[in-house]
Amino acid sequence: MERGAGEGGGINDADEYVAEKGDAKDFALWKAYKEEDGPVFWETALGKGRPGWHIECSAMARTYLGLTVDVHAGGVDLVFPHHENEVAQSEAANGGKRFCNCWVHNGFVNVENEKMSKSKGNFLTLKGSLKGGLELRAFRYLVVTSQYRSPLNFNKEGLEGAKKTVMRLDKLRKRLLDVVEKGKEDEGGFGMKDVIEKALKGFEAGMADDLNTPRAAAALFTLVKGAEKALKSTPPFLPPSEAREVLVALERMDEVLGIFYDPPSVEGGVEGGEEGGGPVIVALKDLPVEAQELVRRRGKAKENKIWGEADGCRDALKSKFGVILKDVKGGEVQIMKEG
């Protein structure tokens with residue numbers, strides 16, 4: 001359960017906790033209204049107030065996912081108090097029915113073996129740290145091939161190594177496609193069937209072992225090394241039929257890892273290409289009438305702190321019109337159109 005504010009701490013202040021102290025006021029389900037809460041409150045039989053932090057997630061899970069959740073994810077910092085409180089209150093409210101079948105808690109991204117912190121000056125963002133599509137893909141490769149429960153150490157050397165790995169995979173894929181398109185079939189072949197079966201079996205075993213992506217990546221490179229060896233043989237012993245089978249196996253693995261893709265445009269101008277220009281700034285009057293109305297509705301929803309409606313308008317602008325809104329200092333909004 002969540003630890004309360006300590007001796008004398010009120011039930012309505014239980015968002016803060018002291019881990020070593022138990023208290024009868026642990027675990028706030030309801031928080032009485034305070035002036036700084038502004039318009040965030042409900043009028044109820046308990047008085048003016050709002051739910052505690054943890055009850056929100058339990059309520060949303062029950063409403064949209066049912067009494068039992070198959071998979072629940074979050075950072076390792078949420079095990080206690082947040083997730084333990086979700087379990088306690090949900091199972092108590094639902095007659096003891098199991099709240100979640102499988103928990104997935106991810107480790108943090110550290111920078112040079114230190115936790116990211118603005119006070120340390122090592123707080124990084126993707127937009128500010130990565131240049132071009134290759135580095136975006138390399139960072140993704142670093143993340144998805146690391147054990148998700150363990151911390152990921154981010155540094156320049158690791159990113160450079162990941163870039164070389166992604167380039168190696170791209171080169172292999174291109175050579176295999178060339179063989180499929182231009183190669184000549186023969187009765188021999190390099191015997192890639194056994195290599196492919198071993199790699200796929202190892203990959204699936206790794207993913208079934210608590211998403212052990214380092215083990216899965218090792219299986220991927222069993223296939224990569226086998227294909228590279230076949231392509232380097234003299235004369236080439238990899239016929240189009242076997243090259244096609246290798247490509248199919250790579251695609252099956254890539255459905256999980258997501259290595260072969262062109263990064264989309266993102267706010268700030270990073271694109272799939274190394275020197276992409278990204279979205280361009282546009283004026284409100286240059287948008288379609290429906291899009292203009294969505295921008296205005298979002299502005300009013302933000303003013304009234306109706307965050308769900310504001311997010312819905314923003315999502316609709318991006319999905320329907322390719323319009324990205326960026327809030328800047330002073331309350332202004334920058335409107336950008338995807339290229």
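With contacts defined as side-chain heavy-atom distances shorter than 4.5 Å, the pair Tyr141/Leu257 does not qualify. At least one side-chain heavy atom of Leu130 sits less than 4.5 Å from a side-chain heavy atom of Leu159. With contacts defined as side-chain heavy-atom distances shorter than 4.5 Å, the pair Asn155/Val111 does not qualify. Using a 4.5 Å heavy-atom threshold, the side chains of Leu223 and Val246 count as touching. Between Lys318 and Arg314, every side-chain heavy-atom pair lies at or beyond the 4.5 Å cut-off. At a threshold of 4.5 Å between non-hydrogen side-chain atoms, the residues Asp37 and Arg50 count as touching.
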I'd like to know whether Val87 forms a side-chain contact (heavy atoms from CB on, under 4.5 Å) with Trp103, so could you lay out the CA-CA distance, the side-chain angles of the two residues, the decisive distance to 0.1 Å, and finally the verdict. CA-CA 11 Å; Val87 172; Trp103 290 93; 3.5 Å; yes
Please test Gln89 against Leu29 for side-chain contact (heavy atoms from CB on, under 4.5 Å), starting from the C-alpha separation and ending with a verdict. CA-CA 9 Å; Gln89 64 198 12; Leu29 298 178; 3.4 Å; yes
Dump the intermediate steps for side-chain contact (heavy atoms from CB on, under 4.5 Å) on Leu220 and Ile259, then the final yes or no. CA-CA 12 Å; Leu220 164 66; Ile259 301 167; 4.2 Å; yes
List the steps, then state whether salt bridge (Lys or Arg N to Asp or Glu O under 4.0 Å) holds for Asp210 with Arg149. CA-CA 9 Å; Asp210 190 24; Arg149 293 189 188 272; 2.9 Å; yes
Kindly determine whether Arg168 and Glu228 satisfy salt bridge (Lys or Arg N to Asp or Glu O under 4.0 Å), including the steps that lead there. CA-CA 10 Å; Arg168 178 181 174 184; Glu228 288 175 337; 2.8 Å; yes
Salt bridge (Lys or Arg N to Asp or Glu O under 4.0 Å) between Glu204 and Arg215, intermediate numbers included: CA-CA 9 Å; Glu204 291 170 3; Arg215 181 179 171 186; over 6 Å; no
Run the numbers on Thr165 and Leu169 for side-chain contact (heavy atoms from CB on, under 4.5 Å), then give the verdict. CA-CA 6 Å; Thr165 299; Leu169 291 168; 4.3 Å; yes
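Taking the ring centre of Phe321 as origin, the terminal cationic atom of Lys337 falls outside the region bounded by 6.0 Å and 45° from the ring axis.
Listed for the Thr222 side chain is a donor-acceptor partner under 3.5 Å among the backbone atoms of Ala218. Checked by atom type and distance alone, the side chain of Arg252 never pairs as donor or acceptor with a backbone atom of Leu200 at under 3.5 Å. With Asn110 contributing its side chain and Asn153 its backbone, the two residues share no donor-acceptor pair below 3.5 Å. Listed for the Arg137 side chain is no donor-acceptor partner under 3.5 Å among the backbone atoms of Val166. In terms of modelled atom types and a separation under 3.5 Å, the side chain of Asp209 and the main chain of Ala205 share no donor-acceptor contact. Judged by distance alone, with hydrogens and angles left aside, the side-chain atoms of Glu91 form a donor-acceptor pair with the main-chain N or O of Phe99 at under 3.5 Å.
Evaluation of the ring pair (Phe, Tyr, Trp, His ring centres under 6.0 Å) test over residues 147-176, restricted to residues two or more places apart or in two chains, returns Phe139-Phe154.
Applying the salt bridge (Lys or Arg N to Asp or Glu O under 4.0 Å) criterion to Arg173, with sequence neighbours excluded, gives no partner residue. Applying the ring pair (Phe, Tyr, Trp, His ring centres under 6.0 Å) test to Trp307 and every residue at least two apart in sequence or in another chain returns nothing.
In terms of heavy atoms, Leu142 sits closest to Leu152 at O-CD1, 4.1 Å. Of all heavy-atom pairs spanning Ala310 and Lys302, the tightest one is CB-CG, 3.9 Å. When all heavy atoms of Cys313 and Arg298 are compared, the pair lying nearest together is CB-CB, 3.7 Å. Considering every non-hydrogen atom in both Leu172 and Ala227, the closest pair reads CD1-CB, 3.9 Å. The minimum heavy-atom distance between Ala219 and Gly202, with the atom names listed, is CB-C, 3.6 Å. Minimum heavy-atom separation, Cys100 to Cys102: SG-O, 3.1 Å.
Classification of Lys163 and Glu160 as a salt-bridged pair holds, one side-chain N sitting under 4.0 Å from a carboxylate O. Ion pair Arg244/Glu181 not flagged as a salt bridge, since none of the NZ, NE, NH1 or NH2 atoms sits closer than 4.0 Å to an Asp/Glu carboxylate oxygen. Using a 4.0 Å cut-off between charged side-chain N and carboxylate O, Asp170 and Lys174 make no salt bridge. Taking 4.0 Å as the cut-off between side-chain N and carboxylate O, Glu309 and Lys300 do not count as a salt-bridged pair.
Hydrophobic clustering (ILVMFWY, side-chain heavy atoms < 4.5 Å, transitive): Val144 and Val76 are in distinct clusters. Taking hydrophobic clusters as Ile, Leu, Val, Met, Phe, Trp and Tyr residues chained together by side-chain heavy-atom distances below 4.5 Å, Val195 does not share a cluster with Val248. In the hydrophobic clustering of ILVMFWY residues, with side-chain heavy atoms under 4.5 Å counting as a link, Val256 and Leu250 come out together. Hydrophobic clustering, with ILVMFWY side chains joined whenever heavy atoms are under 4.5 angstrom apart, keeps Val79 apart from Phe108. A continuous path of ILVMFWY side-chain contacts below 4.5 Å connects Leu134 to Phe260, so both sit in one hydrophobic cluster.
Here the NZ-CG distance, from Lys131 to Leu136, works out to 12.5 Å after rounding to the nearest 0.5 Å. The distance from the NE2 atom of His72 to the OG atom of Ser90 is 8.0 Å, given to the nearest 0.5 Å. Summarising the geometry, atom CG belonging to Leu325 is positioned 5.0 Å from atom CG belonging to Leu317; distances are rounded to the nearest 0.5 Å.
Side-chain rings of His83 and His105 approach one another, their centers coming within less than 6.0 Å.
The 12-atom threshold is not exceeded at NZ of Lys225, counting heavy atoms of other residues, nucleotides or ligands nearer than 6.0 Å. In the displayed structure, Glu35 atom CD is contacted under 6.0 Å by at most 12 heavy atoms of other residues, nucleotides or ligands.
Ring pair His54/His82 is tilted by interplanar angle, where 30° to 60° counts as tilted.
Side chain to side chain, Thr213 and Thr145 fail the donor-acceptor criterion of an N or O pair below 3.5 Å.
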